[in-house]
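Predicted model only: the values in this text are computed from it and were never measured. What's counted below: heavy atoms across the whole structure, side chains too, no hydrogens, waters or symmetry copies. Per chain, numbering begins at 1; letters A, B, ... match sequence-line order.
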Amino acid sequence: MSISVNMSVRLGSLELSNPVVTASGTFASGREFADFVDVSRLGAIVTKGVSLNPWPGNASPRIAETASGMLNSIGLQNPGVEAFVAKDLAWLVENAAGTPVIVNVSGHSVDDYVGVIERLECEPSVAAYEVNISCPNVDEGGMSFGTECVQAARVTAACRAATRRPLIVKLTPNVTDIVAIASSVEAAGADALSLINTLLGMAIDAESRRPKLARVVGGLSGPAIKPVALRMVWEVARAVEIPVVGMGGIMDGTDAVEFMLAGATAVAVGTANFVDPTATMRVLDGVTEYCHRHGVERVADLVGALGA
Amino acid sequence: MSISVNMSVRLGSLELSNPVVTASGTFASGREFADFVDVSRLGAIVTKGVSLNPWPGNASPRIAETASGMLNSIGLQNPGVEAFVAKDLAWLVENAAGTPVIVNVSGHSVDDYVGVIERLECEPSVAAYEVNISCPNVDEGGMSFGTECVQAARVTAACRAATRRPLIVKLTPNVTDIVAIASSVEAAGADALSLINTLLGMAIDAESRRPKLARVVGGLSGPAIKPVALRMVWEVARAVEIPVVGMGGIMDGTDAVEFMLAGATAVAVGTANFVDPTATMRVLDGVTEYCHRHGVERVADLVGALGA
Amino acid sequence: MTVSRDKPALERVRVLANDRIAQGVGLMALHAPRCAATIQPGQFVHLRVSRGADIILRRPFSVHRATGERIEILYQILGEGTLRIAEKPVGDTSMDLVGPLGHGWTVPNDAAHALIVTGGLGAAPLGMLAEQLAAAGVALSVAMGAPTAQRLVARELFERVARRVEVSTDDGSEGEQGFVTGPVVRLLAEERFDVVYACGPEPMQRAVAKLACEVGATCQVSLERLMACGIGACLSCVVSTHDGLKRACVDGPVFSAEEVVWDASQTPPKH
Amino acid sequence: MTVSRDKPALERVRVLANDRIAQGVGLMALHAPRCAATIQPGQFVHLRVSRGADIILRRPFSVHRATGERIEILYQILGEGTLRIAEKPVGDTSMDLVGPLGHGWTVPNDAAHALIVTGGLGAAPLGMLAEQLAAAGVALSVAMGAPTAQRLVARELFERVARRVEVSTDDGSEGEQGFVTGPVVRLLAEERFDVVYACGPEPMQRAVAKLACEVGATCQVSLERLMACGIGACLSCVVSTHDGLKRACVDGPVFSAEEVVWDASQTPPKH
Ligand SMILES: Cc1cc2nc3c(=O)[nH]c(=O)nc-3n(C[C@H](O)[C@H](O)[C@H](O)COP(=O)(O)OP(=O)(O)OC[C@H]3O[C@@H](n4cnc5c(N)ncnc54)[C@H](O)[C@@H]3O)c2cc1C
Ligand SMILES: Cc1cc2nc3c(=O)[nH]c(=O)nc-3n(C[C@H](O)[C@H](O)[C@H](O)COP(=O)(O)OP(=O)(O)OC[C@H]3O[C@@H](n4cnc5c(N)ncnc54)[C@H](O)[C@@H]3O)c2cc1C
Ligand SMILES: Cc1cc2nc3c(=O)[nH]c(=O)nc-3n(C[C@H](O)[C@H](O)[C@H](O)COP(=O)(O)O)c2cc1C
Ligand SMILES: Cc1cc2nc3c(=O)[nH]c(=O)nc-3n(C[C@H](O)[C@H](O)[C@H](O)COP(=O)(O)O)c2cc1C
Ligand code: FES
Ligand code: FES
């Protein structure tokens with residue numbers, strides 16, 4: 001390891017010391033991983049989904065294992081933004097002062113999203129927002145905000161108006177044309193995009209003839225979805241000007257490098273945290289090692305560097 | 001195994017001796033599997049995609065392995081309908097006379113699809129058509145016919161007008177709302193639906209920084225996609241009146257039963273044929289054994305029998 | 001005494017022994033010095049059974065006993081994960097664990113007389129507790145239940161450390177015929193217990209909790225839930241309590257029976 | 001004589017031996033009586049290396065030698081599949097194969113003098129051929145190349161059966177320094193061969209084919225392609241020929257060099 005690698009990357013005005021961040025909902029707000037991970041080494045901590053009021057989440061069972069993946073229907077259970085500030089943010093301020101905190105925002109209506117952001121604007125420890133537009137839009141019959149360009153742009157524009165902090169919009173992969181959604185969101189003022197959220201899936205227990213999840217359907221994550229995620233990151237990164245945070249099945253440094261080559265400026269580690277609580281550190285070390293081995297002086301040089 | 005199980009199912013007017021068929025493109029036209037499989041035991045043989053004129057297929061590499069799955073970009077290489085009739089169909093007539101032959105039809109325009117069907121109408125050994133609307137529509141800029149309700153209905157209606165044989169339309173999963181496409185196709189006259197085709201994906205070799213497929217993107221199949229396939233079969237089967245042929249990652253009898261519980265009347269075995277050339281027989285034996293064990297007297301009773 | 005919790009860690013393990021000890025039940029000993037040194041009765045380890053990517057979730061297992069650098073796991077072969085465990089040869093180093101995890105059994109400060117109730121594999125998390133209670137001079141009675149004689153596990157351990165062991169099987173092939181609640185009713189009537197520890201199928205735990213409550217004994221239960229992370233982050237393992245949803249992996253798996261709002265839909269489909 | 005083809009079958013195999021014989025190269029012997037009985041030189045087997053669902057595709061391997069009920073595979077450790085093969089202990093029964101597959105080497109009826117050219121692991125499909133040629137009284141010369149001495153394989157076999165064996169390594173650590181084409185040019189100039197058999201990296205095969213053509217010797221090459229089915233159904237393994245696209249798995253892997261339209265983009269990314 002002769003050369004030293006510049007690992008920093010930028011998501012709009014947000015500078016990260018390295019490209020490895022956590023995927024929302026798989027790392028809580030960091031505290032649970034403190035025994036395994038030096039959270040100050042993370043590029044950023046993306047928190048679990050935070051809503052205006054407490055959400056109870058879905059009935060159990062909430063998870064099911066599938067081939068190289070898992071389904072979840074946690075349902076964004078969270079105690080609401082006030083409790084988030086009091087507990088999670090307080091812990092982060094004390095234990096991860098140097099690590100940018102990106103709050104993942106959930107909502108069932110445009111007002112919900114804006115409400116969370118407004119509440120957090122006065123909290124100096126919040127570095128950026130990641131708006132999860134995969135949430136069901138209750139005003140519009142429950143289809144997710146993220147499956148339709150106009151709705152996706154509406155949420156984005158409203159959040160944009162509520163903050164000058166970096167605004168990342170997280171896209172759902174359950175769409176015909178991810179590039180169209182990405183472009184709408186970019187036009188509506190997003191500073192960055194993150195993708196992919198989970199693929200809608202289902203599992204059945206043949207013996208009992210029942211769905212494995214109480215909610216019947218849930219979100220598929222893990223290595224199984226990596227090919228779909230890479231394809232979408234590649235398509236989107238070529239089509240938009242703003243940076244992309246790539247995720248979907250990243251288990252090690254090589255996976256992370258693949259996402260960067262496809263066009264991701266940063267990468268998020270999700271399901272891998274359950275497989276190995278030290279996964280974020282392994283991914284970071286793996287990317288660094290790759291850069292050394294390939295003589296890459298700035299990790300940002302990998303972004304979109306896919307050859308033909 | 002005390003009771004005897006009635007294994008027959010119906011796809012519109014087409015009666016199958018059992019619900020296990022082959023997935024197009026993974027079984028050629030049966031000949032290559034004759035050393036491993038008693039093709040007369042199959043519910044039906046679904047042939048590889050057949051186009052009006054020869055298609056050369058895509059550049060190599062055409063496949064890549066992924067976690068619990070594979071990508072392919074074969075590109076529907078085939079020698080065209082004339083050669084299909086002369087070689088494949090002739091072999092089938094001689095070697096699988098009792099097994100219904102379902103010809104999978106490819107096209108780049110509505111006329112292409114209709115042309116294949118018109119040529120085959122005079123061939124008595126063709127039992128039904130499966131129209132693959134995942135093909136890129138060259139008239140409309142290359143987006144697949146299957147991603148848009150109006151285009152999907154157009155192809156279906158034109159094929160419907162060209163034949164009175166059972167018409168199965170095969171749906172692509174790369175859409176926001178599979179139920180909307182399914183309903184359009186049903187309204188346009190399809191007798192049955194088959195789903196899912198492959199998910200669009202991509203794989204990258206980090207060391208060489210190149211895509212693993214020459215075409216960059218390809219279709220993801222295998223166990224990795226089973227959760228997505230089950231979800232779509234379940235959604236569609238509840239929404240339409242016509243029967244569904246379910247597929248996507250079926251490796252054994254239990255997987256097949258899961259698809260039937262989700263609402264599939266028949267099931268297709270695809271990628272599993274590569275993993276184990278006897279897979280179709282194992283799946284059939286597995287479904288039969290399940291029925292015995294659960295006292296199911298008619299396999300058709302499993303269709304949509306998912307509990308809450 | 002209150003059980004203190006130590007920091008969990010990721011630890012590579014080596015299989016020291018792995019034997020079939022009852023119908024569909026294995027006992028595996030692992031070399032896991034870090035975990036063995038600090039694990040408390042009722043805590044569990046989250047075991048990665050496959051390095052391949054096909055089975056990605058870890059499998060949670062109670063530690064049945066811990067001695068020196070060794071922990072023992074008593075496991076029932078249920079599905080693909082436990083099948084693979086059953087196939088691990090002595091010397092295998094392909095697995096790792098995260099542990100010790102969770103909140104184990106609590107021994108009230110003044111406990112003098114304890115009742116342990118097991119149903120089938122419910123004996124697993126109670127082995128270490130029984131040994132430690134006995135060593136601490138707590139008088140111990142045990143009621144063991146199982147579907148049939150061939151599924152009865154850990155009897156020797158309990159007979160070694162308990163004053164009294166009552167056995168029942170659903171089919172009467174060993175001990176009294178019937179559910180374990182039969183002997184429990186009798187024991188609770190005959191003796192006074194400061195605390196009742198129960199583990200087994202959730203309906204059994206619920207029934208025992210009710211019986212304990214009726215005689216005024218505190219009761220602790222160990223609950224199973226599907227677990228992804230095992231460390232409190234994912235919220236897949238929720239348990240309804242009178243104090244809201246709690247996480248089985250960090251707030252449990254052992255709960256005070258009074259706080260639990262029994263909800264059969266939360267229990268894993270198998271066991 | 002023309003090589004006859006026998007029906008392939010799915011066959012469970014048992015590992016009889018599995019040893020590292022060169023840098024990153026293993027030699028594995030499998031008990032596979034059905035395959036061993038009928039396989040011809042140059043044919044291959046499609047090996048399922050993992051029962052888990054994570055690695056779903058089989059891996060194609062030439063059969064290096066076949067004796068009695070046993071086949072031998074010479075394999076280079078490249079990725080996850082071959083890594084798992086390298087870890088299989090003697091006695092392992094977790095794998096199965098589909099085979100014999102493909103169209104192997106053809107021995108012209110009147111062949112009296114043959115040249116075998118190997119590059120690295122290209123020696124794998126040529127072992128059985130060399131033995132059978134020698135047994136049939138065909139005079140055999142061999143030119144073996146490798147990047148370095150530690151990657152040179154099957155030398156003893158060739159020295160046992162060939163009249164003459166020329167060795168070259170890219171780094172000169174064994175034999176002549178340079179590519180194998182050096183010795184091949186010399187051999188072709190010094191002797192007259194009825195047939196040349198080449199296997200190794202595709203540029204090497206291409207170069208050898210050209211040299212053979214120049215002296216009017218027929219040349220056969222064994223091509224590697226990514227393979228899903230291995231039995232002709234999926235069209236993942238296409239080879240451009242003057243007669244259109246052919247399938248390496250059934251029309252090959254051995255092709256007459258004249259029919260091949262060399263296309264580097266078709267060769268697998270590794271090897
Ligand atoms: C805290 C805790 C302690 C446990 N201790 C023991 C023990 O000491 N001995 C023992 O035999 N079993 C124990 N279990 C249950 C054990 O975890 C499951 O039997 C095991 O995970 C089944 O894995 P499988 O792959 O064989 O089954 P599968 O049914 O194929 O597993 C599929 C998925 O469901 C999960 N799952 C299935 N059943 C259970 C269950 N009952 N509890 C939790 N997850 C489940 C698996 O972990 C996996 O994610 C414990 C469970 C918990 C939560
Ligand atoms: C007809 C034939 C005969 C062969 N005989 C031998 C032999 O005798 N000895 C030997 O060491 N190798 C042989 N190979 C190459 C061998 O199949 C690959 O090295 C092996 O599949 C690599 O698997 P992996 O999982 O270790 O590599 P990975 O790169 O992880 O494999 C990923 C995927 O690419 C495929 N792949 C990678 N490299 C190759 C390749 N060179 N050829 C075909 N597929 C590849 C794998 O099968 C798998 O599907 C042969 C290939 C063919 C087509
Ligand atoms: C248990 C679980 C909970 C999740 N919760 C959230 C969430 O609250 N907000 C969100 O935007 N994404 C959520 N996700 C999606 C992940 O952040 C990520 O987009 C997805 O899992 C793909 O990445 P992976 O394959 O690495 O897990 C969740 C995923 C899982 C598995
Ligand atoms: C190599 C390959 C070729 C395929 N060719 C076709 C085709 O010609 N026509 C078609 O409709 N589907 C084709 N498919 C899709 C399959 O029929 C099936 O819908 C899909 O692979 C999902 O099933 P599986 O996971 O069981 O493979 C192909 C799939 C594979 C893997
Ligand atoms: S298993 Fe993740 S919170 Fe309990
Ligand atoms: S590998 Fe399938 S056709 Fe050759």
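- Nearest heavy-atom pair, A/E32 versus C/A233, reported as atom, atom and distance to 0.1 Å: CG-N, 4.0 Å.
- Around CZ of A/R282, the count of heavy atoms belonging to other residues, nucleotides or ligands within 6.0 Å exceeds 12.
- Contacts between A/N58 and chain C at a heavy-atom distance below 4.5 Å are absent for every atom of the residue.
- Between the side chain of A/E65 and the backbone N or O of C/L57, at least one donor-acceptor pair lies under 3.5 Å.
- Of the two parts of A/S73, neither the backbone nor the side chain holds a non-hydrogen atom closer than 4.5 Å to a non-hydrogen atom of chain C.
- The 12-atom threshold is not exceeded at CZ of A/R210, counting heavy atoms of other residues, nucleotides or ligands nearer than 6.0 Å.
- From C/L235, atom CG reaches atom CG of A/N78 across 9.0 Å, with rounding to the nearest 0.5 Å.
- In this structure, A/I63 CD1 and C/C234 SG are separated by 6.0 Å, a value rounded to the nearest 0.5 Å.
- A/R62 places no side-chain N or O within 3.5 Å of a backbone atom of C/S236 that could act as its donor or acceptor partner.
- Looking only at side-chain heavy atoms (C-beta outward), A/P56 and C/L245 stay at 4.5 Å or farther from each other.
- Among A/G75, A/A214, A/G69, A/P223, the residue with the largest count of heavy-atom pairs under 4.5 Å with chain C is A/G69.
- Here the side chains of A/N273 and C/C229 are not in contact, with every heavy-atom distance at 4.5 Å or above.
- Remark: C/L226 CG to A/N72 CG distance equals 12.5 Å, nearest 0.5 Å.
- Residue contact with chain C, scored on non-hydrogen atoms closer than 4.5 Å, involves the backbone and the side chain of A/P61 alike.
- The distance from atom CD1 of C/I55 to atom OG of A/S68, rounded to the nearest 0.5 Å, is 10.0 Å.
- Within the 4.5 angstrom heavy-atom criterion, only backbone atoms of A/A67 (N, CA, C, O) approach chain C.
- In this structure, the side chains of A/Q77 and C/V238 come closer than 4.5 Å at one or more pairs of heavy atoms.
- Contact annotation for C/A9: only backbone heavy atoms (N, CA, C, O) come within less than 4.5 Å of a heavy atom of chain A.
- Closest heavy-atom contact between A/F36 and C/L10: CE2-N, 3.9 Å.
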